[in-house]
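When reading the values below, keep in mind they use all heavy atoms of this one structure, side chains included, and skip hydrogens, waters and symmetry mates.
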Amino acid sequence: QVQLVESGGGLVQAGDSLRLSCVASGRTFSRHTMGWFRQAPGKEREFVAAISWSVDITYYADSVKGRFTISRDNAKSTVYLQMNSLKPEDTAVYYCAVRVGSIVTIANIYDYWGQGTQVTVSS
C-alpha cells in the first residue's frame, strides 16, 4: 500500500503563486514516476507534470510549461509542484499520483492516487 497526501492548495488571485506538496508513505519502489494531474468540474482529469524518482527527468503539459515546475526531495519522499503566474483556468482539484514505471501522461495508467487539494484562482 502506498499513501499519498497532497497539501498547499488554496484561494489566490490571478498572477499569484502556490506550491503544492505530495508526501508518499508506505512501500517504496526503485523505479517509479510521480505525477500531478488536475480536474475541474465538468472536465476530464488532465495531466499537468511528472518526474522520475531516480533521475532528473521531467515532463510538462503545454498549458503549464514555463509557469509550473515539478521537483522532488527523495530524502523526504516528497514531490512539489511550484505554480507561478496562476490563471483562473488553473482552478481545479490537483492530485498527485504514482506509477510503477516510466513517465506517461494518461491518468488511468497510474497506480496510486492522493485525495487531492483544491486550487482556486480568482480574476
Separation between [atom1] of [X] and [atom2] of [Y], rounded to the nearest 0.5 Å:
| X | Y | atom1 | atom2 | result |
| --- | --- | --- | --- | --- |
| Arg99 | Ser52 | CZ | OG | 11.0 Å |
| Asp90 | Thr120 | CG | OG1 | 11.0 Å |
| Gln39 | Glu46 | CD | CD | 9.5 Å |

In terms of hydrophobic clusters joined by side-chain contacts under 4.5 Å, are [X] and [Y] together?
| X | Y | result |
| --- | --- | --- |
| Val64 | Tyr80 | no |
| Tyr112 | Val5 | no |
| Val23 | Leu81 | no |

Next on the checklist: By the definition side chain to side chain contact (heavy atoms under 4.5 Å, CB included), identify the one residue from Ile51, Val104, Thr105 that meets it with Tyr59.
Outcome noted: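 It is Thr105; the other options fail the test.
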For [Y], is there any backbone N or O sitting under 3.5 Å from a side-chain donor or acceptor partner on [X]?
| X | Y | result |
| --- | --- | --- |
| Gln13 | Ser122 | no |
| Asp111 | Val100 | yes |
| Ser77 | Ser25 | no |
| Arg19 | Gln82 | no |
| Thr91 | Val121 | yes |
| Thr33 | Gly101 | yes |

Can you check whether [X] reaches [Y] side chain to side chain, under 4.5 Å on heavy atoms?
| X | Y | value |
| --- | --- | --- |
| Leu20 | Val79 | no |
| Trp36 | Ile70 | yes |
| Ile103 | Ile57 | yes |
| Arg67 | Lys87 | yes |
| Trp113 | Val98 | no |
| Ser123 | Glu89 | no |

Looking at every heavy atom in both [X] and [Y], which two are closest together, and how far apart are they?
| X | Y | result |
| --- | --- | --- |
| Tyr110 | Gly35 | CE2-N, 4.1 Å |
| Arg38 | Ala92 | CB-CB, 3.8 Å |
| Met34 | Ala24 | CE-CB, 4.4 Å |

Checklist entry - Relative to the ring of Phe47, is the ring of Phe37 parallel (under 30°), tilted (30 to 60°) or perpendicular (over 60°)? => result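 Because their plane-to-plane angle is over 60°, the rings of Phe37 and Phe47 count as perpendicular.
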Next on the checklist: Run the side chain to side chain contact (heavy atoms under 4.5 Å, CB included) test on Leu18 and Asp16 for me, step by step, so that the C-alpha distance in whole Å, both residues' side-chain angles and the decisive distance to 0.1 Å come before the verdict.
Outcome noted: CA-CA 7 Å; Leu18 281 174; Asp16 285 351; over 6 Å; no
Next on the checklist: Can you confirm whether more than 12 heavy atoms, excluding those of Gln118, are under 6.0 Å from its CD atom?
Outcome noted: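 Enclosed: over 12 neighbouring heavy atoms sit under 6.0 Å from CD of Gln118.
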Next on the checklist: For a salt bridge (Lys or Arg N to Asp or Glu O under 4.0 Å) check, start with the C-alpha distance between Asp62 and Lys65, then their side-chain angles and the critical distance, and finish with the verdict.
Outcome noted: CA-CA 5 Å; Asp62 289 342; Lys65 193 174 300 181; 3.4 Å; yes
Checklist entry - Between Thr78 and Asp73, does any side-chain donor sit less than 3.5 Å from a side-chain acceptor? => result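 Checked: Thr78/Asp73 side chains show no N/O donor-acceptor pair below 3.5 Å.
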Checklist entry - Is the NZ or CZ atom of Arg45 both under 6.0 Å from the centre of the six-membered ring of Tyr95 and within 45° of that ring's axis? => result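 Yes - Arg45 lies over the ring of Tyr95, closer than 6.0 Å to its centre and within 45° of its axis.
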Checklist entry - So Ser17 and Met83, side chain to side chain contact (heavy atoms under 4.5 Å, CB included) or not? Walk me through it. => result CA-CA 5 Å; Ser17 298; Met83 304 185 295; over 6 Å; no
Checklist entry - Hey, mind stepping through Tyr60 and Val48 against side chain to side chain contact (heavy atoms under 4.5 Å, CB included) and telling me if it holds? => result CA-CA 6 Å; Tyr60 297 91; Val48 177; over 6 Å; no
